[in-house]
Asker: 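Once you've had a glance at the structure underneath, I'll fire off some questions.
In what follows, every chain begins at residue 1, and chains take the letters A, B, ... in the order their sequences are listed.
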Amino acid sequence: MSDRSMPQAERIKIPRQPMPTQDPQVRVHNFHEVALGLAEEAALLEASRCLQCKKPRCVEGCPVGVNIPAFIERLREKDLPGAVRSLKGDNNLPAICGRVCPQETQCEAMCVVGKKGEPVAIGRLERYVADWDLAHPSPPPPLPPSSGKRVAVIGCGPAGLTCAGDLARYGHQVTIFESLHAPGGVLIYGIPEFRLPKRIVHAEVDYVRSLGVEIRLDTVIGKTYTLDELLNEQGYEAVFLGTGAGLPMFMHIPGENYNGVLSANEFLTRVNLMKAYLFPEWDTPVKVGRKVAVVGAGNVAMDASRCALRLGADQVHIVYRRSAAEVPARAEEVHHAEEEGILFDFLTNPVEIYGDEKGWVRGMRCIRMKLGEPDASGRRRPLPIEGSEFDMEVDMVIMALGTQPNPLVFTESGGLERTRHGTVVADEQTGRTTKERVWAGGDIVTGAATVISAMGAGKRAAADMDRFLRGEGGAWAG
Amino acid sequence: MYEILKREDLAPVTKLFVVQAPAVARKARAGQFVIVRIHQEGERVPLTIADDDRQQGTITLVFQEVGKTTMQMGTLQPGDHLASLTGPLGRPSEIRLYGTVLCVGGGVGIAPLYPIARDLKAAGNTVISIIGARTRELLFWEEKMRSVSDELIVCTDDGSYGRKALVTLPLKELLEAGRAIDRIWAIGPAIMMKFCALTARSSGVPMEVSLNSIMVDGTGMCGACRVEVGGQTRFVCVDGPEFDGYQVDWDQLLARQRIYLDQEKLAVERWQQQCRHSSQGGDEDV
């Protein structure tokens with residue numbers, strides 16, 4: 001079927017292989033993974049759809065520059081170990097990327113096959129190869145002799161794990177400092193089990209550990225140690241800041257502190273990291289209303305709304321001030337949410353939350369919006385329609401409005417310049433900050449973005465840190 | 001990782017642990033707290049640091065068994081380990097020379113009050129302390145508080161020890177007697193702190209309170225602990241735990257502490273059932 005001699009005209013005729021999924025009626029009652037992964041036959045068929053372009057555009061679309069045609073070709077030849085070597089040579093966390101990357105706006109958006117038909121399902125193939133690897137573990141790649149240089153990576157999320165993995169592969173001695181009791185950052189506290197099973201995160205973290213990276217949990221930089229202590233007292237020659245954007249935003253409208261109003265961060269942390277869906281077997285509780293409003297329409301809002309549904313809410317509304325066209329979440333997440341029965345209230349914005357005499361949410365006043373001229377983000381600015389206020393009866397409100405960098409890490413970090421949005425100023429190519437021997441990447445630099453863009457930044461920073469540690473970095477121009 | 005080196009039963013439901021945590025002890029300052037988890041399935045619980053020993057690399061935690069986690073924690077013994085311990089978190093108390101300071105501690109709140117009184121005394125302040133508990137057997141650290149206080153007033157709600165009074169009564173008397181007091185710290189259950197604030201408000205003496213709201217991460221990530229102070233939403237974990245007692249929206253704090261009451265009840269019942277079961281020689285997996 002995946003015959004090497006298959007002519008291009010034949011290959012193009014093969015339809016894009018669909019991802020099997022759990023039935024929506026069933027999956028709204030469980031936390032098992034929604035997307036089940038391609039079967040071998042489908043994966044091989046899909047792999048033969050790749051035209052093996054001489055100048056692959058897909059690679060340009062990948063923030064970490066995975067050599068996509070190379071791993072797909074190994075897969076097509078049924079050389080799975082070869083496909084794994086190729087893929088993991090470029091990407092330390094492929095089973096994660098294969099699941100959560102927005103491929104439709106990155107590699108797959110650039111795919112030549114997609115010009116006339118549907119693009120090669122690169123994400124599904126990446127996941128297939130990575131999952132095969134997890135099922136058939138191989139020893140870690142040989143490492144170069146140790147450079148003797150100690151490097152600290154702050155934050156054990158996608159940026160930090162990628163940066164640490166690459167630094168270890170360059171031969172440096174890396175310690176990751178993580179404030180929570182489990183490694184993974186947003187992969188573990190934010191993204192739900194049904195979209196990214198935690199065993200996948202554990203396995204990929206273990207892979208990074210197998211490269212010699214030490215992970216120190218329960219350690220808050222800015223509190224347990226400061227950045228300056230790491231550089232000046234603890235013997236680290238270079239530091240990578242990858243603490244993400246963990247601070248939740250609220251709307252600052254009346255009634256926001258009633259019981260039953262919570263940040264998506266709190267809700268998702270309780271559910272994912274603390275496994276509140278297993279309460280009382282696990283100790284952390286979560287309380288879910290009958291009628292839930294989730295404010296915002298990013299991936300976090302989709303995750304929160306789908307968790308609320310699984311925890312027994314009768315009705316879950318996404319309340320979003322812009323229209324369907326501006327929804328920032330991945331198309332697949334929106335599609336899955338719709339299939340599961342999440343309701344979308346577009347062009348709607350909360351203005352006040354009402355509570356009962358015991359301090360619990362009982363309703364939310366909203367106003368209808370219309371779209372005006374494009375704003376700084378390039379999206380049309382939502383404007384309130386005078387006199388269009390109406391009340392929604394809800395008993396739980398989850399604020400999924402985006403996040404900002406947590407300023408804790410900046411305690412004793414003299415010379416580190418930040419923007420007025422609280423993000424760190426860093427060179428886009430090298431990740432160098434204004435503070436000597438400190439690099440940064442991921443959401444702490446860009447504000448809330450994607451897993452893969454954080455990984456790209458971690459990777460670029462690791463390369464520059466390696467040059468610097470080998471004495472080839474040149475003068476610090478921050 | 002975080003070994004319990006010593007255990008002391010301060011009262012039937014109040015336990016003291018000395019825990020090995022050198023990195024935390026190195027940095028701990030009065031007023032700060034840690035987040036602990038007792039096992040892999042455990043919740044993250046904030047506990048104020050009651051004492052520290054940098055040389056030994058230890059911190060002291062005092063907790064009252066009020067819910068499932070603290071009840072289970074109360075079964076741990078020296079040699080056992082906490083699954084995780086993170087800190088020191090929150091902002092330290094503002095210790096400096098004020099003149100005369102009044103330290104008011106109620107119930108388990110006496111524990112976090114001690115290092116504050118200790119450091120205020122060391123900074124040269126005259127320290128007057130009022131400590132109280134519901135009844136005699138719940139009172140602890142009288143001698144420890146005396147050792148860092150110029151004056152110590154002890155009271156119990158039921159009069160079983162010391163003066164029969166709530167801590168607000170000696171507080172009111174001291175303020176009304178016209179003693180020159182420059183600052184007050186009040187730490188205890190939210191309801192006690194609320195009434196201390198109501199009692200002292202008219203005196204105009206600045207009052208610090210240490211809030212005990214529900215937390216998850218303890219680093220500003222989730223906002224579970226938020227409460228209005230002076231009309232502004234503040235996060236107790238990073239903006240506090242100490243705030244101006246006259247500015248706190250106490251009723252909001254009290255309501256927010258009750259969010260998980262139903263689940264807490266369920267968890268306690270389940271735990272007690274498991275304990276009964278295992279003490280009858282049944283299932284050991286508790």
Asker: Can you list the residues of residues 251-261 of chain B that sit under 4.5 Å from chain A, counting heavy atoms only?
Answerer: B:Q252, B:A255, B:R256, B:I259, B:Y260
Asker: Are B:T219 and B:D217 linked by a side-chain donor-acceptor pair shorter than 3.5 Å?
Answerer: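 Side chains of B:T219 and B:D217: pair found under 3.5 Å.
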Asker: Which one, B:G67, B:G218, B:G42, leads in non-hydrogen pairs under 4.5 Å with chain A?
Answerer: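 Top count of heavy-atom pairs under 4.5 Å with chain A: B:G42.
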Asker: Under 4.5 Å, counting heavy-atom pairs only, tell me which of A:L273, A:N406, A:N259 racks up the most with chain B.
Answerer: A:N259
Asker: Do B:F17 and B:F63 have ring centres separated by under 6.0 Å?
Answerer: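 Distance test on ring centres: under 6.0 Å, yes.
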Asker: Ignoring hydrogens and angles, state whether a donor on the side chain of A:Y236 or A:R150 is under 3.5 Å from an acceptor on the partner side chain.
Answerer: yes
Asker: If I measure from the heavy atoms of chain A, does B:R44 come under 4.5 Å with its side chain, its backbone, both, or neither?
Answerer: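 Backbone plus side chain of B:R44, per the 4.5 Å heavy-atom cut-off to chain A.
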Asker: Which of the residues A:K275, A:E256, A:K287 is involved in the greatest number of heavy-atom pairs with chain B at under 4.5 angstrom?
Answerer: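 Highest number of heavy-atom pairs under 4.5 Å: A:K287.
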Asker: Determine, step by step, whether A:V397 and A:V295 satisfy the side-chain contact (heavy atoms from CB on, under 4.5 Å) criterion, reporting the C-alpha distance in whole Å, the side-chain angles of both residues, the deciding distance to 0.1 Å, and the verdict.
Answerer: CA-CA 7 Å; A:V397 179; A:V295 185; 4.0 Å; yes
Asker: Against chain B, label A:F267 side chain, backbone, both or neither, depending on which of its atoms sit under 4.5 Å from a heavy atom there.
Answerer: neither
Asker: Do A:V239 and A:I154 make a side-chain contact, defined as non-hydrogen atoms from C-beta onward lying under 4.5 Å apart?
Answerer: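 Counting from C-beta outward, A:V239 and A:I154 do come under 4.5 Å.
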Asker: Does anything in residues 277-286 of chain A reach chain B? List residues with heavy atoms under 4.5 Å apart, or say none.
Answerer: A:F279, A:P280, A:E281, A:W282, A:D283, A:T284, A:P285, A:V286
Asker: A:T269 versus chain B, heavy atoms under 4.5 Å apart: side chain, backbone, both or neither?
Answerer: side chain
Asker: Scan B:S93, B:C196, B:S210 and name whichever one has a side-chain contact (heavy atoms from CB on, under 4.5 Å) with B:W185.
Answerer: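 Looking at B:S93, B:C196, B:S210, the match for B:W185 under the side-chain contact (heavy atoms from CB on, under 4.5 Å) is B:S93.
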Asker: Examine whether an atom of B:L85 lies under 4.5 Å from a heavy atom of chain A, and if so say whether it belongs to the side chain, the backbone or both; otherwise answer neither.
Answerer: backbone
Asker: Under 4.0 Å between a side-chain nitrogen and a carboxylate oxygen: does that hold for B:R29 and B:E94?
Answerer: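 No, B:R29 and B:E94 are not salt-bridged.
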Asker: Check this for me, if you would: do A:R290 and A:D314 make a salt bridge, where the nitrogen-to-carboxylate-oxygen distance has to be below 4.0 angstrom?
Answerer: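 Salt bridge present between A:R290 and A:D314.
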Asker: When only pairs under 4.5 Å are counted, which of B:R37, B:E228, B:H39 shares the most heavy-atom pairs with chain A?
Answerer: B:R37
Asker: In terms of heavy-atom proximity below 4.5 Å to chain B, should A:L408 be classed as side chain, backbone, both, or neither?
Answerer: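 Interface part for A:L408: side chain.
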Asker: Does any non-hydrogen side-chain atom of A:I188 lie less than 4.5 Å from one of A:K198?
Answerer: yes
Asker: With respect to chain A, which residue among B:R270, B:R226, B:E43, B:Q32 yields the maximal number of heavy-atom pairs within a distance under 4.5 Å?
Answerer: B:R226
Asker: Ignoring hydrogens and angles, state whether a donor on the side chain of A:R270 or A:Y189 is under 3.5 Å from an acceptor on the partner side chain.
Answerer: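 Checked: A:R270/A:Y189 side chains show no N/O donor-acceptor pair below 3.5 Å.
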Asker: Counting neighbours of CD on B:Q55 that are heavy atoms of other residues, nucleotides or ligands and sit closer than 6.0 Å, is the number greater than 12?
Answerer: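 Result for CD/B:Q55: open.
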Asker: Give, as side chain, backbone, both or neither, the part of A:E178 having an atom under 4.5 angstrom from any heavy atom of chain B.
Answerer: neither
Asker: Can a donor-acceptor pair be found between the side chains of B:E65 and B:T70 at a distance below 3.5 Å?
Answerer: no
Asker: Please look at A:T226 and chain B and tell me whether the side chain, the backbone, both or neither of the residue comes under 4.5 angstrom of a heavy atom of that chain.
Answerer: both
Asker: Less than 3.5 Å apart, any donor N or O on the side chain of B:T58 or B:Q20 sitting next to an acceptor on the other?
Answerer: no
Asker: Regarding A:R418 and the six-membered ring of A:F410, is the cationic atom NZ or CZ under 6.0 Å from the ring centre and inside 45° of its axis?
Answerer: yes
Asker: Most heavy-atom pairs under 4.5 angstrom with chain B, which of A:G246, A:A276, A:A182?
Answerer: A:G246
Asker: Could you tell me whether A:D206 and A:R209 make a salt bridge, using a distance below 4.0 angstrom between a side-chain N and a carboxylate O?
Answerer: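 Yes, this pair counts.
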Asker: Please determine, among A:H252, A:M399, A:M274, the option with the most heavy-atom pairs under 4.5 Å with chain B.
Answerer: A:M274
Asker: Verify the distance criterion only: is there a donor paired with an acceptor across the side chains of A:N257 and B:T233 at less than 3.5 Å?
Answerer: yes
